[in-house]
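Only heavy atoms go into these numbers, but all of them, side chains included; no hydrogens, no water, no symmetry mates.
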Amino acid sequence: MKRNYNILLAVTLSLLSVQSCRETGVSVEEGMGNVEFRCTARSDVSYSPAFAKAGESQRPLPENLIPETGSLKLVLGNGDGYSAEYETLAQYDSPLLKAGEYTATFSHGDPESEGTDAAYFETVRNITVVARKTSTENISVGLANSVFSVVVSQWFADYYPEYEIAIETESGYSATFTSDDTEAGTESEPVFVKAGTALYFSGTAVKTNGAEVSFPKTEIAVTEARTWQTLGIDASEAAAGTVEIVLDDSVVKIEELEIELNPDAVISTNVIPSNVEGAAKPGVERSDRLTDFSTAPAAPLEMTNKRNSNPS
């Protein structure tokens with residue numbers, strides 16, 4: 001009688017186990033498992049300097065911009081409709097999961113945001129949950145959007161002692177740099193923008209002779225994911241009134257436009273055609289252009305020398 005009782009108990013437990021698996025949508029063969037994540041946040045990104053320099057293909061982001069791993073957001077899902085979202089990784093408690101393939105997305109920040117505090121980190125990993133086993137996944141999370149900074153050369157700052165320039169993205173975000181808050185030769189703080197967006201340069205300035213000029217909006221670069229681009233803002237030594245935007249060994253030239261303060265003033269007809277190299281702008285005497293350029297520094301600066309050593 002005791003033996004029959006033991007057999008009956010074993011059958012009952014087996015039926016209860018099958019019923020439990022059916023209720024959770026998991027067969028006995030599939031089973032359950034869980035996964036733990038060990039995350040690190042990377043600070044290194046690819047680097048495109050204002051002037052090409054051997055050996056500088058990467059650089060670290062400022063430490064204060066690197067997120068704590070516990071603050072990473074986790075989205076976990078599979079092709080069977082399972083989806084779970086954790087606002088912070090600290091909330092993830094390694095729950096039992098149906099064995100199979102999953103996609104885990106780790107992120108920090110807003111991918112649509114742009115600005116000095118808009119660093120966006122993201123990593124997507126495919127993982128496997130094994131039945132009756134706790135797996136450990138090592139995750140490295142890095143910058144996913146793009147970053148740029150600006151260096152204004154001393155030559156530019158001397159030729160245009162007063163200036164306000166802007167770098168704008170396709171989304172309409174604009175970062176402004178002025179002669180009051182920008183130190184020549186010193187790199188600006190990093191600005192984070194979307195990857196693959198065009199960057200546009202524009203602005204106004206006052207030359208050493210008091211003439212006011214503007215720089216028309218011009219596309220100067222396209223951002224790259226996980227890449228820091230430093231834009232060099234320089235003034236041409238060879239062609240007065242030309243701004244040069246330098247990135248790596250490429251140069252984008254932008255000609256200044258003189259701002260006419262008195263539209264009723266008589267314009268001199270003693271001009272040189274604008275299609276002649278070194279010629280004045282229409283309505284501006286050549287002697288004035290030469291006088292303007294003579295006010296620039298007599299010797300080239302280090303930034304300009306580096307550009308000349310890496311011709312475009």
Side-chain angles (χ1 to χ4, degrees), residues 50-51 115-116 148-169 172-191 193 199-221 229-247 251-268 271 274 278-308:
F51 299 93
T116 55
F148 76 84
S149 54
V150 165
V151 175
V152 173
S153 75
Q154 189 64 55
W155 185 274
F156 179 93
D158 288 342
Y159 195 74
Y160 301 104
E162 296 180 39
Y163 61 84
E164 181 175 313
I165 57 178
I167 307 296
E168 185 178 341
T169 69
Y173 172 80
S174 181
T176 303
F177 307 89
T178 71
S179 50
D180 292 332
D181 58 21
T182 303
E183 183 178 351
T186 301
E187 188 173 356
S188 71
E189 65 179 327
V191 181
V193 295
L199 297 180
Y200 301 90
F201 174 90
S202 63
T204 58
V206 177
K207 301 166 73 170
T208 52
N209 68 347
E212 295 187 27
V213 298
S214 65
F215 309 116
K217 184 176 179 179
T218 304
E219 181 176 342
I220 57 173
Q229 297 167 303
T230 299
L231 306 171
I233 313 298
D234 204 0
S236 172
E237 297 174 56
T242 301
V243 174
E244 297 181 344
I245 312 301
V246 186
L247 176 62
V251 179
V252 177
K253 298 179 183 291
I254 304 172
E255 292 190 16
E256 68 180 33
L257 301 176
E258 187 165 347
I259 299 175
E260 181 59 68
L261 299 180
N262 184 1
D264 298 325
V266 178
I267 300 176
S268 170
V271 298
S274 60
K281 292 288 184 181
V284 181
E285 294 186 9
R286 181 179 174 84
S287 60
D288 290 341
R289 289 278 286 186
L290 295 176
T291 301
D292 293 346
F293 186 54
S294 67
T295 60
L301 297 173
E302 183 181 358
M303 287 187 69
T304 305
N305 287 339
K306 289 177 182 177
R307 186 185 70 252
N308 291 339

Item to check | Test ring pair (Phe, Tyr, Trp, His ring centres under 6.0 Å) applied to Tyr160 - qualifying residues, sequence neighbours left out | outcome: Phe156, Phe215

Checklist entry - At their closest point, which heavy atom of Ala211 faces which heavy atom of Glu258, and how far apart are they? => result CB-OE2, 4.5 Å

Next on the checklist: Could you report the tightest heavy-atom contact between Leu247 and Gln229, atom names first, then the distance?
Outcome noted: CD2-NE2, 3.9 Å

Checklist outcome for this item: To the nearest 0.5 Å, atom CD1 of Ile245 lies from atom CD of Glu219 at 12.5 Å

Item to check | Minimum side-chain heavy-atom gap Val193-Ile167 below 4.5 Å | outcome: no

Checklist entry - Does Ser188 use its side chain to pair, donor to acceptor, with the backbone of Val150 at less than 3.5 Å? => result yes

Checklist entry - Given side chains that start at C-beta, do those of Glu164 and Thr176 come closer than 4.5 Å, heavy atoms only? => result yes

Checklist entry - Any side-chain donor paired with an acceptor under 3.5 Å for Glu189 and Thr116? => result no

Item to check | Separation between CG of Leu231 and CD1 of Ile233, rounded to the nearest 0.5 Å | outcome: 6.0 Å

Checklist entry - For Glu183, which residues count as a salt bridge (charged side-chain N to carboxylate O under 4.0 Å, His left out) partner, sequence neighbours excluded? => result none

Next on the checklist: Any non-hydrogen side-chain atom of Leu257 less than 4.5 Å from a side-chain atom of Ile259?
Outcome noted: no

Checklist entry - Between Glu187 and Thr230, does any side-chain donor sit less than 3.5 Å from a side-chain acceptor? => result yes

Checklist entry - Can you tell me how far the OH atom of Tyr159 sits from the OG atom of Ser153, to the nearest 0.5 Å? => result 12.5 Å

Checklist entry - In Å and rounded to the nearest 0.5 Å, what is the OH to CG distance from Tyr173 to Leu199? => result 11.5 Å

Checklist entry - How many angstroms lie between atom CG of Asp234 and atom CD of Gln154, to the nearest 0.5 angstrom? => result 11.0 Å

Checklist entry - When rounded to the nearest 0.5 angstrom, what distance separates CD in Glu256 from OG in Ser214? => result 8.5 Å

Checklist entry - Any donor and acceptor pair, going by atom type alone, linking the side chain of Ser174 with main-chain N or O of Glu168 inside 3.5 Å? => result no

Item to check | Minimum side-chain heavy-atom gap Ile165-Phe201 below 4.5 Å | outcome: yes

Next on the checklist: On a heavy-atom basis, which atom in Pro161 and which in Lys207 lie closest, and how many Å separate them?
Outcome noted: CD-C, 3.8 Å

Item to check | Any donor-acceptor pair under 3.5 Å from Asp158 side chain to Trp155 backbone | outcome: no

